[in-house]
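Structure record follows, encoded as structure tokens.
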Amino acid sequence: MSITDPDAPKTAFVFAGGGSFGAIQVGMLQALAAHGVVADMVVGSSVGALNGAFYAGDPSVSGVARLAEIWRGLNRQDVFPVTWRTLVSFLWRRDFLIPHDGVRKLIDDYIPFRNLEDARMPIYIVTTDIISGDSVVLSEGSAAEAIVASTAIPGAFTPVHYRDHFLADGAISSNTPVRVAVKHGAKRLIVLPTGHACANQAPPVGALANALHALTLLIARQLVNELENIGPDVEYFVVPPLCPLVGSPYDFSRTSDHIARALDTTNAWLASDGLKPGHIPHELQPHDH
């Protein structure tokens, strides 16, 4: 089945969140791009907003390869710059642990458009109104503000005051990117989850690592629930995440391995006729390995 058929329904790439596990989406994208599977629109939440924005700026095979190189060059301090100074400031007077500087620099350095409406395809960034708990979907205006807001884990990053809202990580709200894609006209969804660490692993160490792990579990459960209740007029394809998935969404030392494994598993999935609608991979369900 060709996703590139001009008469085909609109296809959305749906990027979930997952911290450093976002590297898995990069391997998935490399395989999809190599097989000519492309999107008409992008929906992203949390780290998926960052990956989705880069893809929307350059969806080519070479563009995705460049994204892989960017990810391979990242370390934890690039995204989560925690120092003794930030810890002391947090304990004494601040309501957040980590400044947005790292994420904002990534956006400024690598996202090739300043406003969302200037991307090569429509892009929808999912954030959460921290006061009401409602989803706020951004599709125009500052790309930096939208992505920073969507990646702002409460307690770790301060919410972003944007227009009339205080916005935080899009993974918090119940309205996941799947519904957003359907609302904006997508009839075919290709979901790029990051997955979550298997249940037989030791619990993550540290407050931020635990918060990120909890978010990955929340994201996976939300995606399964949304897909199970999707309308019959919408086809969906879920690219299988890695299993076993080792490490923490706070750990960037496994990035190259995550990209390589996801590229291999997605190639194998596509070769085995993975583009069959309506199947939720077991890797998104609760499991031990």
Side-chain angles (χ1 to χ4, degrees), residues 1-18 21-45 48 51-52 54-56 58-65 67-68 120-124 176-196 219-243 245 258-285 287:
M1 178 177 59
S2 173
I3 301 289
T4 57
D5 181 352
D7 297 323
K10 287 186 178 179
T11 296
F13 279 5
V14 181
F15 293 82
F21 291 159
I24 295 164
Q25 294 173 335
V26 179
M28 294 172 173
L29 277 177
Q30 286 186 303
L32 291 168
H35 284 79
V37 183
V38 296
D40 300 301
M41 68 177 74
V42 163
V43 181
S45 177
N51 280 338
F54 189 96
Y55 176 81
D58 188 355
S60 66
V61 171
S62 60
V64 176
L67 178 60
R120 293 193 187 182
M121 65 184 68
I123 178 170
Y124 302 95
T176 66
V178 168
R179 287 186 180 178
V180 174
V182 173
K183 179 180 178 181
H184 289 281
K187 292 297 183 182
R188 181 179 285 115
L189 312 180
I190 298 180
V191 182
L192 287 76
T194 57
H196 53 85
I219 291 161
R221 301 293 172 85
Q222 284 184 358
L223 279 173
V224 170
N225 181 67
E226 295 280 349
L227 291 170
E228 287 178 340
N229 291 282
I230 207 167
D233 61 328
V234 177
E235 292 183 322
Y236 64 85
F237 314 87
V238 183
V239 184
L242 299 184
C243 182
L245 176 55
H258 287 335
I259 293 174
R261 286 182 61 203
L263 173 60
D264 289 343
T265 58
T266 306
N267 277 329
W269 175 73
L270 289 167
S272 63
D273 205 15
L275 289 178
K276 289 183 177 179
H279 172 64
I280 299 174
H282 79 90
E283 293 90 348
L284 280 180
Q285 307 284 0
H287 62 281

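This one's a predicted model, so the numbers in the text were calculated from it and none came from an experiment. For reference, positions follow the sequence shown, starting with 1.
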Problem - Nearest heavy atoms of Met121 and Asp40, plus distance in Å - result: CB-O, 3.6 Å
Exercise for the section: Report yes or no: does Thr266 contribute a side-chain atom to a donor-acceptor pair with the main-chain N or O of Leu263 at less than 3.5 Å? Expected result: no
Exercise for the section: Starting at NE2 of His35, measure out to CH2 of Trp269 and round the result to the nearest 0.5 Å. Expected result: 10.5 Å
Handout entry: Contact check, side chains of Pro59 and Val38, non-hydrogen atoms, under 4.5 Å
Key = no
Practice task
Might you point out which heavy atoms bring Phe15 and Leu192 nearest each other, and give the distance in Å?
Solution key: CE2-CD2, 3.8 Å
Practice task
Evaluate the side-chain contact (heavy atoms from CB on, under 4.5 Å) criterion for residues Leu189 and Glu235: first the C-alpha distance (whole Å), next the side-chain angles of each, then the deciding distance (0.1 Å), finally the verdict.
Solution key: CA-CA 6 Å; Leu189 312 180; Glu235 292 183 322; over 6 Å; no
Practice task
Check for a donor-acceptor pair, side chain of Asp58 on one end and backbone N or O of Val64 on the other, with a separation under 3.5 Å.
Solution key: no
Problem - Closest contact, heavy atoms only, Asn267 versus Ala31 - result: OD1-CB, 3.3 Å
Problem - CZ on Phe13 to CE on Met41, rounded to 0.5 Å - result: 12.0 Å
Practice task
Say whether, by atom type as modelled, one donor and one acceptor occur between the side chain of Gln25 and the main chain of Gly52 under 3.5 angstrom.
Solution key: no
Exercise for the section: Identify the heavy atoms of Thr194 and Ile24 that sit nearest to each other, and give their distance. Expected result: O-CD1, 3.3 Å
Exercise for the section: Please examine the side chains of Ile123 and Val43, heavy atoms only from C-beta on, and report whether any two atoms are closer than 4.5 Å. Expected result: no
Exercise for the section: State the OG1-CZ distance between Thr11 and Phe237, to the nearest 0.5 angstrom. Expected result: 7.5 Å
Practice task
Go through the steps for Val42 and Val14 under the test side-chain contact (heavy atoms from CB on, under 4.5 Å), then give the verdict.
Solution key: CA-CA 6 Å; Val42 163; Val14 181; over 6 Å; no
Exercise for the section: Would you confirm whether Ser45, through its side chain, and Gly48, through its main-chain N or O, come within 3.5 Å as a donor-acceptor pair? Expected result: no
Exercise for the section: Determine the minimum heavy-atom distance between Ala262 and Thr265, stating which atoms define it. Expected result: O-OG1, 3.2 Å
Problem - CG-CZ distance between Leu227 and Arg179, expressed to the nearest 0.5 angstrom - result: 11.0 Å
Problem - Contact summary for Ala68 and Gln30, nearest pair of heavy atoms - result: CB-NE2, 3.7 Å
Practice task
Decide side-chain contact (heavy atoms from CB on, under 4.5 Å) for Tyr124 and His184; before the verdict, give the C-alpha distance in whole Å, the side-chain angles of both, and the deciding distance to 0.1 Å.
Solution key: CA-CA 9 Å; Tyr124 302 95; His184 289 281; 3.3 Å; yes
Exercise for the section: Answer yes or no: is there a side-chain heavy-atom contact under 4.5 Å between Tyr55 and Leu29? Expected result: yes
Handout entry: Heavy-atom side-chain proximity of Val178 to Ile230 below 4.5 angstrom
Key = yes
